[in-house]
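Here is the structure we will look at.
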Amino acid sequence: MKLAAIDIGSNAVRLLLCNVMETKDEVLFKKAELVRMPVRLGEDAFTLNKITKEKENQLVTIMKAYSLLIDAFGAVDSHACATAAMRDAANSQQIIERVYKESGIEIELIDGRTEAFIIYSNHIEEHLDHSQSYLYIDVGGGSTELTLFSNNKVVASQSFNIGTLRLLNDQVTKEYWQFFKSWIKEQCASYYPLTAIGSGGNINKMFKMLVKKESKMLTYDKIKEFNESLRNTSLEERITVLGLNPDRADVILPASRIFLTVMKNAGINEILVPQIGLSDGIIHQLYEKHA
């Protein structure tokens with residue numbers, strides 16, 4: 001079965017094309033292709049409360065291209081979700097209508113809790129030790145989703161308007177940052193030991209840069225060391241020396257700060273990075289719909 005998912009985030013718009021194969025023992029999800037376009041809708045939405053015409057046109061062009069790719073791939077079903085930037089934009093509905101008219105793609109505008117639920121739909125917890133507790137952390141450009149589960153059950157879930165682009169634009173107040181930390185401490189206090197599961201483009205990139213292939217775990221100390229080294233480098237050096245893409249070089253620093261804050265306040269020393277995200281969760285939901 002061929003399925004397609006589109007994640008319209010605050011920093012980038014991703015298209016995931018996936019082959020789903022059923023065996024006697026399990027269902028295999030094999031990525032055929034992942035296309036990522038750095039539109040940065042959040043730059044408009046979080047500062048102007050709307051998407052400018054320039055970025056609207058760019059988004060429409062991308063969605064028309066994605067529609068052609070989905071057709072060429074032969075997907076039996078597809079779904080598109082828009083998150084924080086489109087949630088904040090006053091003109092999001094007219095953009096959604098235009099995208100549908102010109103590309104045929106219907107966009108679902110989801111709230112933070114729904115976003116957290118879809119990310120959790122990846123079922124990564126099924127492959128973990130059910131007797132332990134885990135905190136799922138997804139960091140995006142406009143929001144951070146936290147899902148705490150223990151004994152294979154969700155015990156707490158919350159979406160926060162804290163993201164990499166919001167931090168870059170100084171749009172997170174001290175009071176809200178304190179609320180963020182207090183929620184983590186309160187919810188995680190009764191669960192020890194606690195392991196983190198990280199998702200999002202920035203933690204995936206950090207994992208590739210900092211961890212050897214045979215490991216799936218990234219430590220708090222490694223992220224802290226990485227954060228400190230980034231603060232001592234210019235944006236140009238992050239691109240030329242570290243090899244980061246221009247649209248990743250600035251947001252990866254606030255992303256590392258968010259992960260460090262969550263892990264510190266939750267008392268977590270290690271984070272598992274399965275390299276999955278919202279688009280993977282959409283694929284899982286599409287499969288369950290057809291299965």
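To the nearest 0.5 Å, atom CD1 of residue Ile268 and atom CG of residue Leu194 are 4.0 Å apart. To the nearest 0.5 Å, atoms NZ (Lys50) and CD1 (Ile95) are separated by 10.0 Å. Ile62 CD1 to Asn57 CG: the interatomic distance, rounded to the nearest 0.5 Å, is 11.0 Å. Leu242 CG to Met209 CE: the interatomic distance, rounded to the nearest 0.5 Å, is 5.0 Å. Within the model, atoms CD1 of Ile223 and CG of Leu230 stand 11.5 Å from one another, a figure rounded to the nearest 0.5 Å. Separation of atoms CZ (Arg248) and CG (Leu253) is listed at 13.0 Å; rounding is to 0.5 Å.
By the rule that hydrophobic residues join a cluster once side-chain heavy atoms approach within less than 4.5 Å of another member, Phe73 and Leu286 end up as members of separate clusters. One hydrophobic cluster holds both Leu167 and Phe226 under the rule that ILVMFWY side chains link at heavy-atom gaps under 4.5 Å. At a threshold of 4.5 Å between side-chain heavy atoms, the hydrophobic network of Ile, Leu, Val, Met, Phe, Trp and Tyr places Met1 and Ile70 in two separate groups. The hydrophobic cluster containing Leu69 does not contain Ile283, counting ILVMFWY residues as joined when their side-chain heavy atoms lie under 4.5 angstrom apart, directly or transitively. Tracing side-chain contacts under 4.5 Å through hydrophobic residues (I, L, V, M, F, W, Y), one never reaches Leu68 starting from Val99; they form parts of separate clusters.
Looking only at atom types and distance, the side chain of Asn161 has no donor-acceptor partner in the side chain of Ser143 under 3.5 Å away. No side-chain donor from either of Gln285 and His79 sits under 3.5 Å from a side-chain acceptor of the other.
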Which donor-acceptor pairs under 3.5 Å do side chains of residues 3-23 form with protein atoms, sequence neighbours excluded?
{"unit_1": "Ser10", "atom_1": "OG", "unit_2": "Ala85", "atom_2": "N", "d": "3.2"}
{"unit_1": "Ser10", "atom_1": "OG", "unit_2": "Gly142", "atom_2": "N", "d": "3.4"}
{"unit_1": "Asn11", "atom_1": "OD1", "unit_2": "Arg40", "atom_2": "NE", "d": "2.6"}
{"unit_1": "Glu22", "atom_1": "OE2", "unit_2": "Tyr287", "atom_2": "OH", "d": "2.5"}
{"unit_1": "Thr23", "atom_1": "OG1", "unit_2": "Asp25", "atom_2": "N", "d": "3.3"}
{"unit_1": "Thr23", "atom_1": "OG1", "unit_2": "Glu26", "atom_2": "N", "d": "3.0"}
{"unit_1": "Thr23", "atom_1": "OG1", "unit_2": "Glu26", "atom_2": "O", "d": "2.8"}

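At least one cation-pi condition fails for Arg166 and Trp177: the charged atom is not both under 6.0 angstrom from the six-membered ring centre and inside a 45 degree cone around its axis.
By the neighbour-count criterion of 12 heavy atoms within 6.0 Å, atom NZ of Lys181 is densely surrounded, having more than that number from other residues, nucleotides or ligands. Crowding of Glu54 atom CD: a count of heavy atoms from other residues, nucleotides or ligands under 6.0 Å not exceeding 12. Taking a 6.0 Å sphere around CD of Glu106, one finds it holds 12 or fewer heavy atoms contributed by other residues, nucleotides or ligands.
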message: Checking Asn169 against Thr47 for the side chain to side chain donor-acceptor pair (under 3.5 Å) test, could you report, in this order, the C-alpha distance in whole Å, the side-chain angles of both residues, the deciding distance, and whether it holds?
response: CA-CA 8 Å; Asn169 291 308; Thr47 57; 5.9 Å; no
- request: Go through the steps to decide whether Asp44 and Lys53 satisfy the test salt bridge (Lys or Arg N to Asp or Glu O under 4.0 Å), and finish with yes or no.
  value: CA-CA 10 Å; Asp44 289 352; Lys53 202 67 180 178; over 6 Å; no
query: Given the rule in the side chain to side chain contact (heavy atoms under 4.5 Å, CB included) test, do Phe259 and Val139 qualify, once you have shown the distances and angles that lead to the verdict?
result: CA-CA 8 Å; Phe259 278 104; Val139 176; 3.5 Å; yes
Side chain to side chain donor-acceptor pair (under 3.5 Å) between Glu270 and Thr195, intermediate numbers included: CA-CA 6 Å; Glu270 290 186 320; Thr195 300; 5.8 Å; no
message: Apply side chain to side chain contact (heavy atoms under 4.5 Å, CB included) to residues Met263 and Asn269 and explain how you reach the verdict.
response: CA-CA 7 Å; Met263 293 174 74; Asn269 294 317; over 6 Å; no
query: Between Ile271 and Ile197, does a side chain to side chain contact (heavy atoms under 4.5 Å, CB included) hold up when you go through it step by step?
result: CA-CA 5 Å; Ile271 182 167; Ile197 302 172; 5.8 Å; no
task: List the steps and the verdict of salt bridge (Lys or Arg N to Asp or Glu O under 4.0 Å) for Glu97 and Lys101.
output: CA-CA 6 Å; Glu97 291 172 1; Lys101 182 179 179 181; over 6 Å; no
- request: Could you go through the side chain to side chain contact (heavy atoms under 4.5 Å, CB included) check for Arg87 and Glu115 one step at a time?
  value: CA-CA 12 Å; Arg87 286 198 295 265; Glu115 184 176 354; 3.4 Å; yes
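Under the 3.5 Å distance criterion, the side-chain polar atoms of Arg113 are left unmatched by any main-chain donor or acceptor of Gln158. A donor-acceptor pair under 3.5 Å links the side-chain atoms of Thr144 to the main chain of Ile162, judged by distance alone. At least one donor-acceptor pair under 3.5 Å links the side chain of Lys55 to the backbone N or O of Val39. Checked by atom type and distance alone, the side chain of Ser67 never pairs as donor or acceptor with a backbone atom of Met63 at under 3.5 Å. No donor-acceptor distance shorter than 3.5 angstrom exists from the side chain of Asp280 to the backbone of Ile276, with no hydrogens or angles considered. In this structure a side-chain-to-backbone donor-acceptor pair under 3.5 Å is missing from Ser150 to Ser133.
Of all the heavy atoms in Glu56 and Asn91, the pair that sits closest is OE1-ND2, 4.5 Å. When every heavy atom of Ala196 is checked against every heavy atom of Ile137, the shortest pair comes out as CB-CD1, 3.8 Å. Closest non-hydrogen pair, Pro246 versus Asp250, comes out as O-OD1, 3.8 Å. The heavy-atom pair separating Ile107 from Ile96 by the smallest distance is O-CG2, 3.8 Å. Among all heavy-atom pairs drawn from Pro38 and Gln58, the shortest one is O-NE2, 4.4 Å. Shortest non-hydrogen contact noted between Leu135 and Ala266 is CD2-CB, 4.1 Å.
Within the 4.5 Å cutoff, the side chain of Phe117 has no heavy atoms near those of the Thr147 side chain. Between Phe180 and Val262 the shortest side-chain heavy-atom distance falls below 4.5 Å. Residues Tyr100 and Ile105 fail the side-chain proximity criterion, which asks for heavy atoms closer than 4.5 Å. Taking the side chain as every heavy atom from C-beta outward, Ile51 and Leu59 never approach each other to under 4.5 Å. Residues Thr164 and Asn202 form a side-chain contact, since some pair of their non-hydrogen atoms from C-beta on lies under 4.5 Å apart. Residues Glu33 and Val35 meet the side-chain proximity criterion, which asks for heavy atoms closer than 4.5 Å.
Hydrophobic cluster membership of Leu168, counting Ile, Leu, Val, Met, Phe, Trp and Tyr whose side-chain heavy atoms lie under 4.5 Å apart directly or via other members: Phe46, Leu165, Val251. Tyr192 belongs to no multi-residue hydrophobic cluster, having no ILVMFWY side-chain contact under 4.5 Å with any other such residue.
A salt bridge is defined here as a Lys NZ or Arg NE, NH1 or NH2 lying under 4.0 Å from an Asp or Glu carboxylate O, and Lys222 with Glu225 fails to meet this definition.
Scanning for ring-ring contact (aromatic ring centres under 6.0 Å, His included) contacts around Tyr66 gives an empty result, with sequence neighbours left out. Every residue two or more places apart in sequence or in another chain that forms a side-chain contact (heavy atoms from CB on, under 4.5 Å) with Thr114 is listed here: Ile110, Asp111, Ile118. Partners of Phe179 according to the ring-ring contact (aromatic ring centres under 6.0 Å, His included) rule, which considers only residues two or more places apart in sequence or in another chain, are Phe160, Tyr176.
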